[in-house]
Amino acid sequence: TDPALIRNFCIIAHIDHGKSTLADRMLQITGVVEDRQMRAQYLDRMDIERERGITIKSQAVRIPFTALDDRTYTLNLIDTPGHVDFTYEVSRSLAACEGAILLVDAAQGIEAQTLANLYMALDNDLTIIPVLNKIDLPAAQPEKYAEELAGIIGCEPSDVLKVSAKTGEGVEDLLNEIVTQMTPPVGDADAPARAMIFDSVYDTYRGVVTYVRVIDGKLSPRERIQMMSTRASHEILEIGVSSPEPTKCGGLGVGEVGYIITGVKDVRQSKVGDTITALNRPATDMLEGYQEPKPMVFSGLYPIEGTDYPVLRDALEKLQLNDASLVFEPETSAALGFGFRCGFLGLLHLEITRARLEREFNLDLISTAPNVIYRVDMEDGTEHVVTNPSEFPAGKIASIYEPVVKATVLSPSEFIGQIMELCQDRRGELHGMDYLSEDRVEMRYTLPMAEIVFDFFDHLKSRTKGYASLDYEPKGEVAADLVKVDILLQGEPVDAFSAIVHKEKSYAYGVAMTKKLRELIPRQQFEVPVQAAIGARVIARENIRAIRKDVLAKCYGGDISRKRKLLEKQKEGKKRMKMVGRVEVPQEAFISALSTD
Ligand code: GDP
Ligand code: MG
C-alpha cells in the first residue's frame with residue numbers, strides 16, 4: 001500500500017466513554033464486519049474483557065475506507081485499554097500511531113484517565129482529534145464539554161466533533177476527519193527493514209502472534225528476521241493483517257500494521273518494544289523502545305487444595321506466555337502451604353489474573369493481602385528488597401523506602417474538601433490544583449503507592465458520589481516510618497498475616513487482625529493468645545478461651561453408628577486443619593481472615 005493512503009490511529013478515552021462501541025461502529029459502517037456478525041465490543045476478545053466491559057490487551061484492526069476524495073484509504077485502528085494498571089499498553093499503542101481520537105463522554109466531561117492519555121499522546125507528537133461521544137443521551141451537554149475540551153487542547157470549541165457511537169451519528173464524518181487531519185506514515189522504503197513490536201499475544205494453535213508496525217523497508221513471508229535487542233533470529237512463517245480476522249498477505253511495507261508468526265512459544269521471545277530487522281540486511285539503529293512494565297503489587301497465591309499446586313504452576317506458566325508483566329516464584333507459608341509469590345501491575349491485574357486462573361484452569365485459590373515493594377537499608381550497610389512482608393529482614397534498620405505515585409484527581413469542585421481529607425488521611429502531599437472549568441478541578445498529589453492501590457479508589461468514589469476520577473503513575477520511592485507487624489498465635493507468628501504498615505497505623509492494624517482471628521479460630525483444648533507485635537513488642541492481644549473438645553460426649557450412650565459418623569467427620573475436618581505451633585486452625589479461618597471485608 002502507498003503510505004500516503006495509510007492512517008494509523010488509536011482512540012484514547014476514560015473507561016466507559018465508548019471506545020469499544022466507537023470501534024464497533026467503525027467496523028460496521030465500513031463493512032469490515034457484516035451486520036449479522038456484529039456483536040458488541042467486537043474487538044474485546046477475552047471473555048473477561050467482555051464481562052467486565054474493559055479492554056485489557058490492545059488489538060489492531062485494518063479498516064478500508066473510501067473517503068470524500070473517492071480514494072480508498074487503509075485505516076489501522078489500535079484499540080487501547082482504559083485502566084491505570086494497563087497504562088504501559090496505552091503507551092505502546094500510541095507509539096505505533098500518527099494520530100489519536102480523544103473521546104469524551106458528552107454527559108461526563110473529561111476524566112483523569114483522559115488527561116493522562118492526552119499528555120502521553122502529546123508527548124508522542126500525535127495529531128489529536130477531539131470528539132464528544134454519546135450525544136444521543138438526554139443528559140449530554142455537548143456545548144459545555146466542547147468548551148472544556150477546547151480549553152485543554154487549545155483548539156476552538158467548533159473543532160470538537162460530536163458523535164454517537166451507539167447510533168452511528170457523526171461516525172462517517174469522523175472517519176473523513178481522520179483522513180484529512182492526520183498525517184500519513186513516513187518511512188524509507190529502500191532502507192533496511194525496521195518494524196516495531198507493539199503487542200505480542202500467545203495463541204494455543206498458532207504460537208506467539210507478534211503485532212508490528214513497519215517503519216522502514218519491508219517484511220516478507222519466509223524471510224529470516226532478527227530481534228535487535230537479543231540478536232535472536234527467526235523465520236517468518238506467516239505474515240498478515242487483522243481485518244479483523246487474521247488474513248495472510250504478501251508482506252508489510254512502510255507504515256503498515258499487521259502480524260507475523262515465527263513459531264516462538266513465549267511472548268518474552270518476541271518482546272514488546274523490540275525492533276525487528278532483516279537478518280541478511282540488518283538495520284544499525286534500534287527504534288526507541290518502551291519502558292518494561294514493572295510489577296507494583298505482590299501477593300501470595302495458594303491453591304486451597306494442596307494437591308493443585310502443580311496445576312497452579314502450569315497455569316501460571318501458561319498465562320505468562322501471554323503476559324510478560326506477570327512474574328512469580330515459589331513460596332511456602334506455614335499457614336497456607338505451597339504457593340507462589342506473584343507480582344502484578346496493580347490490583348485489577350491481580351484480580352483478572354486470579355479470575356483467569358480459577359476459571360480457565362479450574363483452581364480454587366486464596367491470595368494473601370497485596371503489598372508493594374519495600375527497600376530496606378540496614379545499619380550494617382546491606383540492602384534488602386522486600387516483596388513479602390514475612391521476609392522482612394531482622395536486625396538494625398537504618399531506613400525503609402516505599403514506592404510513591406504522582407496522582408491526579410479530577411472532580412466537581414464541590415468535593416475538594418472531602419478529597420483533601422481522604423488524601424491527607426492516606427499520607428498524601430498536595431502539589432497543585434487547577435480549575436478546568438468553573439466547576440471542575442484537577443488536584444495533583446504525591447501519595448504512597450501502598451495507600452492508593454487497595455481501596456483508595458472506592459473511598460474516593462464514595463466521598464464524591466462517584467464523580468471523581470483518578471489516574472496515577474509511579475514516581476520513585478521515599479523514606480517512610482514503616483514497621484512490620486506480626487500476628488502471633490500462642491507466640492508463633494502466622495506468616496500469611498505479617499504486614500508492613502505505617503507506624504501510625506500499626507496499632508489499628510494489630511487490633512483489627514487480632515479481633516478478626518479471635519472470632520474465626522475455634523476454641524482449642526487450651527487457651528490461645530492472639531497477639532500483634534512489632535519485633536518483640538506486643539501492641540494488641542486477644543484470647544481464645546479453652547474448651548474441652550470431646551465430640552463423643554455429645555452422643556449419650558450406645559448409638560455406635562452415630563459415633564462412627566462423628567469420628568469420620570472429625571477426620572475429614574482435620575485434613576483441612578493447619579497447625580500453627582500447637583494450635584489447630586481450620587483453613588477456612590485463614591481464608592476468611594484474608595478476604596477483604
Ligand atoms: P469503553 O470502556 O470506552 O470501551 O466503553 P464502551 O464502548 O464499553 O461503552 C461503555 C458504555 O457506554 C456501554 O454501555 C455502551 O453501550 C455505552 N455507549 C457507548 N457509546 C454510546 C453512545 O454513543 N450513546 C449511548 N447512549 N451509550 C453509549
Ligand atoms: Mg472497551
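Note that the structure is predicted; figures quoted are calculated from it, not measured. Counting starts at 1 for both ligands and their atoms, in listed order.
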Checking the N or O distance criterion of under 3.5 Å, is ligand 1 in contact with Ala165? yes

Side chain or backbone, does Gly18 bring an N or O within less than 3.5 Å of an N or O on ligand 1? yes

Between Asn8 and Asn76, does any side-chain donor sit less than 3.5 Å from a side-chain acceptor? yes

Give the atoms of ligand 1, by number and element, whose distance to some non-hydrogen atom of Thr21 is under 4.0 Å. 6 (P), 7 (O), 9 (O), 15 (C), 19 (C), 20 (N)

At a 4.0 Å threshold, what atoms of ligand 1 neighbour a non-hydrogen atom of Leu137? 26 (N)

Using a cut-off of 6.0 Å, state whether more than 12 heavy atoms not belonging to Lys265 lie near its atom NZ. yes

Ile197 and its side chain to side chain contact (heavy atoms under 4.5 Å, CB included) partner, picked from Thr275, Ile276, Ile260: Ile276

Using a 4.0 Å heavy-atom cut-off, say whether [X] meets ligand 1 through its side chain, its backbone, both or neither.
X      : answer
Asp136 : side chain
Ala13  : neither
His17  : backbone

Is any side-chain N of the basic residue among [X] and [Y] closer than 4.0 Å to the acidic one's carboxylate O?
X      : Y      : value
Arg206 : Asp203 : yes
Lys318 : Glu360 : no
Arg213 : Glu256 : no

Which of the listed options, [options], holds the heavy atom that is closest to [atom]?
atom                    : options                       : value
atom 17 (C) of ligand 1 : Glu169, Lys19, Lys166, Lys134 : Lys134
atom 10 (C) of ligand 1 : Asp16, Ile11, Leu103          : Asp16
atom 20 (N) of ligand 1 : Leu22, Val171, Ile135, Asn133 : Asn133

Within 45 degrees of the axis of the six-membered ring of Tyr445 and under 6.0 Å from its centre: does Arg426 put its NZ or CZ there? no

